[in-house]
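One structure is given below, encoded as structure tokens.
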Amino acid sequence: MSTAEPQPQPLWQPGPARVEAAAITRFQTWAAERHGAPAEGGYETLHRWSVEHLETFWEAVVEWFDIRFSTPYARVLGDRTMPGAQWFPGATLNYAEHALGTAAERPDAPALLAVDEAHETHTVTWAELRRQVGSLAAELRALGVRPGDRVSGYLPNIPQAAAALLATAAVGAVWTSCAPDFGARSVLDRFQQVEPVVLFTVDGYRYGGKEHDRRDTVAELRSELPTLRAVVHIPLLGTDAPEGALEWSALTEGDTEPVYEQVPFDHPLWVLYSSGTTGLPKAIVQSQGGILVEHYKQLGLHCDLGPDDRFFWYTSTGWMMWNFLVSGLLTGTTVVLYDGSPGYPETGAQWAIAERTGATLFGTSAAYVMACRKADVHPARDHDLSKVKCVATTGSPLPPDGFRWLHDEVGEDVWIASVSGGTDVCSCFAGAVPTLPVHIGELQAPCLGTDLQAWDPQGKPLTEEVGELVVTNPMPSMPIHFWNDPDGSRYHDSYFDTYPGVWRHGDWITLTARGSVVIHGRSDSTLNRQGVRMGSADIYEVVERLPEIRESLVIGAEQPDGGYWMPLFVHLARGATLDDTLRTKIKQTIRAELSPRHVPDEIIEVPGVPHTLTGKRIEVPVKRLLQGTPLEKAVNPGSVDNLDLLRFYADLARTRT
């Protein structure tokens with residue numbers, strides 16, 4: 001008699017017609033005929049082939065998506081050493097040329113749909129976007145912008161930001177952006193590192209039903225960025241351009257054919273920034289070619305996007321998901337841009353945007369899904385979401401309750417794609433596969449070309465056990481370098497110091513025997529009680545299911561005497577009181593649903609949970625504060641959404657000593 005445990009039933013399974021229609025299915029059939037990929041066995045065999053025959057796989061991606069090289073490549077991988085892998089040496093191309101490739105075929109179709117808090121929709125056609133990029137690129141060249149120069153944007157998620165990025169790429173310059181809710185110090189910590197020659201900026205922005213004037217901040221940026229040759233003013237609030245600034249309308253009124261600078265494959269495309277919780281943010285440089293091929297694979301195969309789709313993801317220009325969203329243009333998809341608060345005028349507002357724009361892929365954060373669940377939002381009841389084929393989430397692991405809520409409240413036939421990657425690669429390590437089932441609490445599979453593994457401290461691969469997320473072969477979108485890191489030491493130490501030659505990302509994961517992936521949270525803020533490791537996300541998932549808890553933060557702090565203090569900080573919902581009854585309830589919930597070893601030592605009420613500017617809970621700096629590190633050394637103040645909150649934790653640490 002078999003003693004094998006029964007396999008869990010999937011929450012969702014794609015039907016045969018959906019599997020057959022998926023681009024990844026057609027790609028596998030084609031790659032089998034042309035490149036020796038396995039014709040049978042579905043995604044698992046395709047993935048194994050993609051990592052075992054890495055060069056052949058990426059050559060197939062290049063051919064499948066008709067990536068146009070103005071100079072051919074000598075080979076796919078000149079050097080596969082990490083860090084420093086050399087992709088498609090000898091090749092030249094241009095990212096913007098590919099992003100605007102649909103303009104000639106469908107000039108009057110919408111390239112961008114821009115939505116604001118009033119839910120007014122503004123359409124930018126492919127022809128209009130191409131014209132704007134052509135005009136702006138010519139003006140940038142006239143301003144003396146040359147390949148390799150940096151162009152910066154202090155902009156919300158509006159069409160002008162997308163056009164500015166594409167024009168920058170067209171001239172071979174390097175784009176970098178921050179959202180206008182970043183304060184001057186945070187922006188300068190980023191932009192001063194890369195010394196931009198042009199700054200695109202707004203006079204202000206609208207968020208939560210209010211106008212926020214940023215003219216004083218812009219003036220400070222101008223005075224503190226001495227390398228600027230030009231400032232371009234976008235009057236979002238209707239004010240006049242400051243003295244010496246150029247008007248956006250004047251730079252985009254021409255009818256100039258875009259000229260695309262043909263640059264080497266590894267030429268810088270943009271600079272992204274880590275959350276920068278300690279020290280200056282890491283200025284991460286990714287290449288035109290690397291992003292191009294990685295995003296074609298990710299968006300065209302994994303997200304299954306094409307010309308008939310409308311791609312929405314709630315993001316700001318300060319998060320890598322904005323860059324990823326703009327890359328939706330590569331697949332001919334209509335990209336939906338939303339500028340405003342995710343929950344204005346009410347929590348379910350994003351679902352109204354999905355209905356209004358006909359979004360087929362709806363991307364958001366796990367936190368937003370859980371906020372909707374808590375607020376008793378009913379998306380499918382209140383909105384026509386019949387066009388939504390996929391709901392994708394990132395930012396943090398989607399808890400099991402989030403999977404169930406999406407299934408029940410958005411649609412039983414909606415594909416739920418929880419994905420995980422990072423700013424570091426501007427892509428996903430694991431997540432969406434349109435031909436695989438979805439299991440509650442799990443990412444569907446590692447992505448093609450990504451040899452994702454879970455390793456123990458000795459570098460031994462693990463299955464069905466928690467380990468470090470590592471990637472054992474290079475990905476094209478891995479950083480070509482960090483800015484101002486001449487010997488590469490900061491880049492090396494960020495990912496390759498634990499396992500030489502292998503990318504260690506800093507997450508705890510489990511690879512299941514079925515090939516799916518579970519993310520447990522950051523490995524550098526992991527809770528290790530009596531040898532049992534647990535990610536903080538597991539604690540948040542069960543604690544925040546309680547109606548009394550608005551948000552929580554759990555820290556495991558090693559003590560000088562060898563002890564281990566694990567407090568749970570709770571931000572209470574309105575009207576709740578942290579009394580003995582609630583403390584007992586929290587402890588019993590963790591004990592019953594997670595582990596008796598991970599019941600916190602103390603439960604402490606706090607006025608709020610601090611986050612990075614991209615919305616991630618700040619765990620490691622709080623841990624350092626609790627271990628006695630002074631505030632100024634524990635965190636970069638410009639990377640935090642509310643510094644006063646961190647002072648609360650610093651004061652708390654002092655009272656304990």
Side-chain angles (χ1 to χ4, degrees), residues 14 16-80 85-95 97-99 101-102 104-105 262 265-266 287-309 327-328 330-333 427-428 431-436 444-452 472-477 515:
R18 195 160 186 167
V19 171
E20 186 179 355
I24 206 167
T25 302
R26 302 195 307 276
F27 172 79
Q28 182 166 1
T29 301
W30 173 87
E33 294 170 358
R34 300 286 189 90
H35 292 280
E40 305 294 330
Y43 183 79
E44 184 182 355
T45 62
L46 180 65
H47 180 265
R48 190 179 311 120
W49 172 78
S50 76
V51 296
E52 291 176 356
H53 302 273
L54 192 65
E55 294 189 47
T56 309
F57 165 70
W58 283 109
E59 188 163 40
V61 168
V62 161
E63 289 182 22
W64 175 258
F65 288 106
D66 191 25
I67 292 175
R68 298 176 295 285
F69 298 101
S70 52
T71 309
Y73 53 90
R75 57 176 301 177
V76 175
L77 256 178
D79 181 357
R80 64 182 298 153
Q86 190 182 26
W87 288 95
F88 295 92
T92 56
L93 42 58
N94 188 278
Y95 169 89
E97 184 175 5
H98 290 79
T102 298
E105 304 158 21
Q262 300 301 307
F265 191 91
D266 62 357
S287 69
Q288 287 229 13
I291 288 295
L292 188 68
V293 299
E294 175 66 32
H295 283 185
Y296 264 124
K297 176 207 75 174
Q298 201 66 46
L299 292 157
L301 298 179
H302 286 282
C303 295
D304 205 28
L305 290 175
D308 295 332
D309 286 298
S327 279
L330 295 169
T331 63
T333 296
S427 190
C428 309
V433 183
T435 56
L436 289 180
Q444 288 172 285
C447 296
L448 293 174
T450 305
D451 194 359
L452 184 73
T472 65
N473 60 13
M475 294 168 59
S477 64

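Since we're looking at a predicted model, the values are computed, not measured.
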[atom1] of [X] to [atom2] of [Y]: how many Å apart, nearest 0.5 Å?
X: Gln262; Y: Glu97; atom1: CD; atom2: CD; result: 5.0 Å
X: Ser50; Y: Leu301; atom1: OG; atom2: CG; result: 10.5 Å
X: His295; Y: Ser427; atom1: NE2; atom2: OG; result: 5.0 Å
X: Leu330; Y: Phe65; atom1: CG; atom2: CZ; result: 9.5 Å
X: Arg18; Y: Thr25; atom1: CZ; atom2: OG1; result: 11.5 Å
X: His47; Y: Cys447; atom1: NE2; atom2: SG; result: 7.5 Å

Return all side-chain donor-acceptor pairs below 3.5 angstrom for residues 32-43, not counting sequence neighbours, or 'none' if the list is empty.
{"residue": "His35", "atom": "NE2", "partner": "Glu63", "partner atom": "OE1", "Å": "3.1"}
{"residue": "Tyr43", "atom": "OH", "partner": "Pro446", "partner atom": "O", "Å": "2.5"}
{"residue": "Tyr43", "atom": "OH", "partner": "Leu448", "partner atom": "N", "Å": "3.2"}

Contact check, side chains of [X] and [Y], non-hydrogen atoms, under 4.5 Å:
X: His302; Y: Cys428; answer: no
X: Leu299; Y: Ser327; answer: yes
X: Trp87; Y: Val76; answer: yes
X: Phe265; Y: Thr92; answer: no

Atom of [X], atom of [Y] and distance for their closest heavy-atom approach:
X: Gln444; Y: Ala432; result: OE1-CA, 3.5 Å
X: Leu436; Y: Pro14; result: O-CD, 3.5 Å
X: Leu93; Y: Ser70; result: N-OG, 4.1 Å
X: Thr102; Y: Gly332; result: OG1-CA, 3.2 Å

- [ ] Identify, with sequence neighbours excluded, every residue that meets side chain to side chain donor-acceptor pair (under 3.5 Å) alongside Asp309.
- [x] Thr360, Lys389
TODO: Tell me, with the steps shown, if Arg80 and Leu77 meet side chain to side chain contact (heavy atoms under 4.5 Å, CB included).
DONE: CA-CA 6 Å; Arg80 64 182 298 153; Leu77 256 178; 3.7 Å; yes
Task: Candidates Tyr296, Trp49, Trp64 - the one meeting ring-ring contact (aromatic ring centres under 6.0 Å, His included) with Phe27 - done: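 For Phe27, the ring-ring contact (aromatic ring centres under 6.0 Å, His included) check succeeds only for Trp64.
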Side chains of residues 52-62: which donor-acceptor pairs under 3.5 Å do they make with residues two or more places apart or in other chains?
{"residue": "Glu55", "atom": "OE1", "partner": "Arg75", "partner atom": "NH2", "Å": "3.3"}
{"residue": "Glu55", "atom": "OE2", "partner": "Arg75", "partner atom": "NH2", "Å": "3.0"}
{"residue": "Glu59", "atom": "OE2", "partner": "Tyr73", "partner atom": "OH", "Å": "2.9"}

Taking [X] for the side chain and [Y] for the main chain, is one N or O donor matched with an acceptor at less than 3.5 Å?
X: His98; Y: Arg68; value: yes
X: Glu294; Y: Pro476; value: no
X: Asp304; Y: Ala23; value: yes

